[in-house]
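Structure, as structure tokens:
Fair warning: this is a prediction, and the values are worked out from it, not measured in the lab.
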Amino acid sequence: MDNRPPSPIDALVISGKLSSEALSRARRISTDAAEPIEPILTRLGLVSERDLADAFAKSLDLPAADLAASTDPALLPRFSASFLRQFQVLPLAHCAEGLAVAMANPLDEYAANALALAADCKVPRQVATETDIGAALDRLLQPAAPPKEVRDGAAAGTDLERLHDLASDAPVIRLVNQILARAVDTRASDIHIEPAADRLIVRNRIDSVMREVEAPPQHLREAVVSRVKIMARLNIAERRLPQDGRMSASVRGTEIDFRVSTVPTVHGESVVIRVLDRDQVALDFDTLGFAADALDILRPILAMPNGILLV
């Protein structure tokens, strides 16, 4: 008789947190995108980050990380900030077994081995949500505030935690996924998310024409923007400067790339998302609509090793 505990995925199904239909859908996308299934479950809003973390902790017999109490900021300069953000890992503190680390996906052997190599010791794993690790990295990696801003630090920290919590809610995740899926389905080239005084405006650029589409409720605008920034690995604590990033997501089983740009405005942050659907790119002159005689002129020119074409 097998007395081994169920896998994290099986535990989610047994507990009723994940339906068999949703699991089948996530597995198809995981196979098509060659990506682990765990981040797909949370990205699609099929399970919450907290439920996934609990399943990891119980199935793998790992402790839940207390990021506020056990993180040693002095450890972070030893590791690449981009690596920590990309793989959602956080060094916590030295312990008897080595260097304790918090991981959003403790099954990620590549990230764990890279940390062990950099730390030159074993790295016993603890579990935390991707949102909590992202918030901790934002807090620990941002520059120290000038003296006149220190008094606002506590309020800013509370607001940052609130945004992370909102952005990790399943309804917000589904809203953002719907915005991305709708743009891909309508073959939009860009998504514009623009805050106004009394509402959030979402417009898709389709065949060079900006078309307004149904937008999330006004009270969710900060959560929606924060969710996009988290997906693009941007700093959600920074709302006064422009930021640029990129992300990918599985839409209808196809991996789509997105370029993300945020700009502060009077009413909040404006977000522009460039949709890069590789399957829709046709690198063929014949599909561009040139006349045959024009192509006969252009092809020799474009074959030249240098020069300039004036239009």
| With sequence neighbours excluded, what pairs up with Q88 under the side-chain hydrogen bond (donor to acceptor under 3.5 Å, both in side chains) test? | none
| query | Can you name the nearest heavy-atom pair linking A111 to M103, along with the distance? | reply | CB-CE, 4.1 Å
| query | Which pair of non-hydrogen atoms, one from R221 and one from R199, has the smallest distance, and what is that distance? | reply | NH1-O, 4.4 Å
| task | List, by chain and number, the other hydrophobic cluster members for L241, where Ile, Leu, Val, Met, Phe, Trp and Tyr join if side-chain heavy atoms come within less than 4.5 Å, directly or indirectly. | result | none
| Is there a side-chain contact between Q126 and P63 (heavy atoms, below 4.5 Å)? | yes
| query | Is there a salt bridge (Lys or Arg N to Asp or Glu O under 4.0 Å) between E130 and R233 once you walk through the steps? | reply | CA-CA 11 Å; E130 182 175 333; R233 310 295 188 195; 3.2 Å; yes
| Would you say H192 and R205 make side-chain contact, with heavy atoms under 4.5 Å? | yes
| note | In short, R85 meets L137 closest at the heavy-atom pair NH2-O, 3.8 Å
| field | Residues that R259 engages under salt bridge (charged side-chain N to carboxylate O under 4.0 Å, His left out), provided they are two or more places apart | value | none
| query | Would a hydrophobic clustering, with Ile, Leu, Val, Met, Phe, Trp and Tyr connected at side-chain separations under 4.5 Å, put L92 with F79? | reply | yes
| field | Evaluation steps, side chain to side chain contact (heavy atoms under 4.5 Å, CB included), between V224 and V271 | value | CA-CA 10 Å; V224 168; V271 180; over 6 Å; no
| request: Check whether any side-chain heavy atom of R227 sits under 4.5 Å from a side-chain heavy atom of M231, and report yes or no. | output: yes
Which atom pairs, one a donor and one an acceptor, fall under 3.5 Å between side chains of residues 294-306 and the rest of the protein, sequence neighbours left out?
none

| Is any side-chain heavy atom of V228 less than 4.5 Å from a side-chain heavy atom of E269? | no
| said: Are V260 and K229 packed together at the side-chain level, in the sense that at least one heavy-atom pair is separated by less than 4.5 angstrom? | reply: no
| query | Do P216 and I179 have side-chain heavy atoms sitting under 4.5 Å apart? | reply | yes
| query | Can you list the residues that meet the side-chain contact (heavy atoms from CB on, under 4.5 Å) rule with E97, with sequence neighbours excluded? | reply | C95, P124
| task | For the residue pair I37 and I9, establish whether any side-chain heavy-atom pair is separated by less than 4.5 Å. | result | yes
| note | Hits for ring-ring contact (aromatic ring centres under 6.0 Å, His included) against F87, two or more places apart or cross-chain, chain-then-number order -> F83, Y110
| query | Looking only at heavy atoms, which two atoms of L46 and A26 are closest? And how far apart? | reply | CD1-CB, 4.0 Å
| Check: S248/D257 side-chain N/O donor and acceptor closer than 3.5 Å | no
| Is there a side-chain contact between V89 and V101, using heavy atoms and a 4.5 Å cut-off? | no
